[in-house]
J.: 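First the structure, which I've put down as structure tokens, then a few questions once you've had a look.
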Amino acid sequence: MTGRSSFHFFEDVWDVVKLIPAGKVTSYGAIASYLGSKQSSRMVGFAMNASHTRKDSIPAHRVVNRNGLLTGKHHFGEPDLMQKKLESEGILVKNDQIVDFSNHFWDPMIELSL
DNA sequence: AAGGTGACAGTTT
DNA sequence: TAAACTGCCACCT
């Protein structure tokens, strides 16, 4: 490694997001932490924004902030589309917040560490 | 080419 | 206690 920062942060983020099972959700910070840059949670959100430019279907609706709040719902075309998708997977959302968030939380650091 | 932006999170004042 | 600042790194103009 001669200082070559070939970090495809976005691709790594998308790869993790695609591994999130239906009915589960995770946070930006959890993904960033899994990638080794827990302070880069903002980039994870930005990667979600860029996910629209990808041909691959990124389940961005399974990624919320650490409060379980659907902060990115505004980027799904329709404001309620994110909530609909989550509810369609069995996740109950109330007032833009995931009910029983910790019960549906999927930590890549743990699940992918096996 | 350089600067500003962004769907967060943690720390400090 | 709550509010504000900083860190982080790729993408867009």
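Within every chain, numbering begins at 1; the chains are lettered A, B, ... in the order of the sequence lines, protein sequences first and strands thereafter. For clarity, every value in this text was computed on a predicted model and none was experimentally measured.
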J.: In this structure, how many angstroms lie between the C1' atom of B/dC8 and the CZ atom of A/Phe46, rounded?
T.: 13 Å
J.: For residues 49-74 of chain A, which residue pairs qualify under salt bridge (Lys or Arg N to Asp or Glu O under 4.0 Å), counting only residues two or more places apart or in two chains?
T.: A/Lys18-A/Asp56, A/Arg62-A/Glu89, A/Lys73-A/Asp96
J.: Checking contacts here: which listed nucleotide (B/dA7, C/dC9, B/dG6) is nearest the side-chain heavy atoms of A/Arg42?
T.: B/dG6
J.: Using whole Å, what does the distance between atom P of nucleotide C/dA10 and atom CG of A/Asp12 come to?
T.: 11 Å
J.: Can you list every ring-ring contact (aromatic ring centres under 6.0 Å, His included) pair that touches residues 17-47 of chain A, not counting sequence neighbours?
T.: A/Phe10-A/Phe46
J.: Show every ring-ring contact (aromatic ring centres under 6.0 Å, His included) that has at least one partner inside residues 70-95 of chain A, sequence neighbours left out.
T.: none
J.: Taking the side chain as every heavy atom from C-beta outward, state whether A/Val64 and A/Gln97 have any pair of such atoms under 4.5 Å apart.
T.: no
J.: Which pair of heavy atoms, one from A/Pro108 and one from A/Ala30, lies closest together, and at what distance?
T.: CG-O, 3.7 Å
J.: What is the distance, rounded to the nearest whole Å, between atom CD of A/Gln39 and atom P of B/dT12?
T.: 11 Å
J.: Which pair of non-hydrogen atoms, one from A/Phe101 and one from A/Asn65, has the smallest distance, and what is that distance?
T.: CZ-O, 3.9 Å
J.: Indicate, with a heavy-atom threshold strictly under 4.0 Å, whether A/Ser40 touches base, sugar-phosphate, or nothing.
T.: sugar-phosphate
J.: Taking for each residue the nucleotide of DNA chain C with the nearest heavy atom, is it A/Lys38 or A/Trp14 whose nucleotide lies nearer the 5' end?
T.: A/Lys38
J.: Return the value, rounded to whole Å, for the distance between atom CZ of A/Phe10 and atom C1' of C/dA10.
T.: 5 Å
J.: Quick one, which residues of residues 88-108 of chain A touch DNA chain B with a heavy atom under 4.0 Å?
T.: none
J.: Counting only heavy atoms from other residues, nucleotides and ligands, does the tally under 6.0 Å from NZ of A/Lys24 exceed 12?
T.: yes
J.: Going by side-chain heavy atoms closer than 4.5 Å, which hydrophobic residues are tied to A/Leu92, directly or by a chain of links?
T.: A/Val99
J.: Report the distance from atom CE of A/Met43 to atom P of C/dC11, rounded to the nearest whole Å.
T.: 11 Å
J.: Taking CG from A/Asn49 and P from C/dC11, how many angstroms apart are they, rounded to a whole number?
T.: 12 Å
J.: Roughly, in whole Å, what's the span from NE2 in A/His52 to P in C/dC11?
T.: 16 Å
J.: Please report the closest heavy-atom contact between A/Ala60 and A/Ser51, naming both atoms and the distance.
T.: CB-OG, 4.4 Å
J.: Quick check on contacts: within residues 59-80 of chain A, what sits under 4.0 Å from DNA chain B by heavy-atom distance?
T.: A/Ala60, A/Asn65, A/Arg66, A/Thr71, A/Gly72, A/His75, A/Phe76
J.: Give the rounded distance in Å between these two atoms: CZ of A/Phe9 and C1' of C/dC8.
T.: 8 Å
